[in-house]
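These notes are about the structure you will find just below.
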Amino acid sequence: MFKILVADDHPLFREAICSVISDGFPGSTVLESADLDSTVVIAQQHDDLDLILLDLNMPGMNGLTGLISLRNELPDIPTVIVSAEEDKHIVLQAITYGAVGFITKSLPRPQMREAIGQILDGNVYLPADIIRTQRTAPNKREDAQIDPSLLQALTRKQLQVLEHMAKGESNKQIAYNLDIAETTVKAHVSAILRKLGVHNRVQAILSTSDIDFSDYLRR
């Protein structure tokens, strides 16, 4: 059904995530690599890849530098970072550099399967606990924080959609919870990104993570 490349230098974790894919997406083809160079080679040999699950700390990566290199070489293949790292700033940088999601290795198997499915459906994924991660000291402004005044440009429905996005919900979940069509959710998401001046869904989520939506929804 899908062709997915699992790039990680730890055999036990590769085996575990391959099992998650096999159980959750029967019939899928799973390829494996253990360093950045072999990941690039395999991906170039399989231009029909649906997804690359990329370990942040395997040989050749040098942190996010490896992600940048991979995106430069293979810009059309969606890449998700899979890492034990849970620092909000690292997550934001990964998204800025082109990752379509960030999955923590501590995620239970059912949630990991759900995360991969969400990404394969064309959505981005970010665990809600990372969004709620302890922020920097109050006197230190976060570079990625949205100016709250930009939220004033959003309609009430767009604010509701953004609030559900911030909970890590997919378009389908948001449509169900707000009792609107999924196509309407997609239209709202596009408008939200444009009005907030961000490039993708996860940047919007991260940049509004300190916002108290109730303050804006009471207006």
Side-chain angles (χ1 to χ4, degrees), residues 1-61 66-67 70-71 73-86 91 94-95 98-131 164-165 167-178 181-183 185-186 189 200-202 205:
M1 186 169 64
F2 297 105
K3 181 179 284 190
I4 300 172
L5 173 56
V6 178
D8 194 290
D9 62 325
H10 291 89
L12 286 178
F13 181 76
R14 284 205 313 272
E15 181 180 347
I17 200 165
C18 287
S19 175
V20 169
I21 295 169
S22 298
D23 293 343
F25 310 95
S28 294
T29 299
V30 183
L31 306 174
E32 300 180 38
S33 61
D35 55 56
L36 182 61
D37 288 343
S38 61
T39 299
V40 172
V41 170
I42 293 173
Q44 289 174 333
Q45 294 171 342
H46 299 269
D47 58 4
D48 57 342
L49 278 175
D50 294 293
L51 190 64
I52 298 175
L53 298 173
L54 185 69
D55 178 27
L56 193 58
N57 296 310
M58 70 179 178
M61 283 294 290
L67 171 63
L70 185 64
R71 296 299 299 149
E73 291 281 346
L74 305 157
D76 297 327
I77 302 177
T79 301
V80 177
I81 292 295
V82 181
S83 175
E85 180 63 65
E86 297 189 10
V91 175
I95 301 305
V100 297
F102 199 105
I103 297 175
T104 58
K105 289 187 174 181
S106 60
L107 205 64
R109 287 173 62 100
Q111 284 92 323
M112 187 171 289
R113 182 171 60 248
E114 180 182 339
I116 294 171
Q118 196 166 307
I119 293 164
L120 289 170
D121 283 340
N123 298 307
V124 293
Y125 176 81
L126 184 66
D129 56 345
I130 284 187
I131 300 172
H164 283 272
M165 287 167 58
K167 296 175 182 177
E169 296 180 9
S170 67
N171 286 350
K172 184 178 295 186
Q173 291 171 315
I174 295 172
Y176 176 81
N177 288 328
L178 295 182
E182 190 173 350
T183 53
V185 174
K186 291 179 180 178
V189 171
N200 58 51
R201 185 190 193 97
V202 178
I205 292 170

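- Using a 4.5 Å heavy-atom threshold, the side chains of L49 and L74 count as separate.
- A distance of 4.0 Å separates CD1 of I52 from OG1 of T79, quoted to the nearest 0.5 Å.
- Once rounded to the nearest 0.5 Å, the distance linking CZ of R14 with CE of M58 reads 9.5 Å.
- The side-chain hydrogen bond (donor to acceptor under 3.5 Å, both in side chains) search around S22 returns none, not counting sequence neighbours.
- Taking all atoms of both residues into account, the shortest heavy-atom contact from V82 to F13 is CG1-CZ, 3.5 Å.
- Panel note: side chain R71, backbone P78; no donor-acceptor pair is recorded below 3.5 Å.
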Test side chain to side chain contact (heavy atoms under 4.5 Å, CB included) applied to N57 and E85, step by step = CA-CA 9 Å; N57 296 310; E85 180 63 65; 5.5 Å; no
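- Around atom CD of E182, more than 12 heavy atoms belonging to other residues, nucleotides or ligands sit under 6.0 Å away.
- In this structure, the side chains of Q44 and E73 come closer than 4.5 Å at one or more pairs of heavy atoms.
- Sequence neighbours left out, the pairs with a member in residues 108-120 that pass side-chain hydrogen bond (donor to acceptor under 3.5 Å, both in side chains) are S19-R109, D23-R109.
- Note that the OG1 atom of T104 and the CG atom of L126 stand 9.5 Å from one another [nearest 0.5 Å].
- Nearest heavy atoms, A115 versus I103: CB-CD1, 4.0 Å.
- The minimum heavy-atom distance linking S33 with A7 is given by the pair OG-CB, 3.2 Å.
- Side-chain atoms of L51 and F2, non-hydrogen and from C-beta on, never get closer than 4.5 Å to each other.
- Partners of D48 by side-chain hydrogen bond (donor to acceptor under 3.5 Å, both in side chains), not counting sequence neighbours, listed by chain and number: K3.
- To the nearest 0.5 Å, atoms CD1 (I116) and CZ (F25) are separated by 5.5 Å.
- Considering every non-hydrogen atom in both I21 and S28, the closest pair reads CG2-CB, 4.2 Å.
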Apply the test side chain to side chain contact (heavy atoms under 4.5 Å, CB included) to residues V124 and I95: give CA-CA distance (whole Å), side-chain angles for both, the deciding distance (0.1 Å), then the verdict.
-> CA-CA 10 Å; V124 293; I95 301 305; over 6 Å; no
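- The CD1 atom of I4 sits 13.5 Å away from the NE2 atom of H46 when rounded to the nearest 0.5 Å.
- Residues G60 and L36 share a closest heavy-atom pair of O-CD2, 3.2 Å.
- Annotation: the span from D35 atom CG to D9 atom CG amounts to 8.5 Å, rounded to 0.5 Å.
- With respect to I17, the side-chain contact (heavy atoms from CB on, under 4.5 Å) criterion is satisfied by exactly one of D55, D8, L12, V6: V6.
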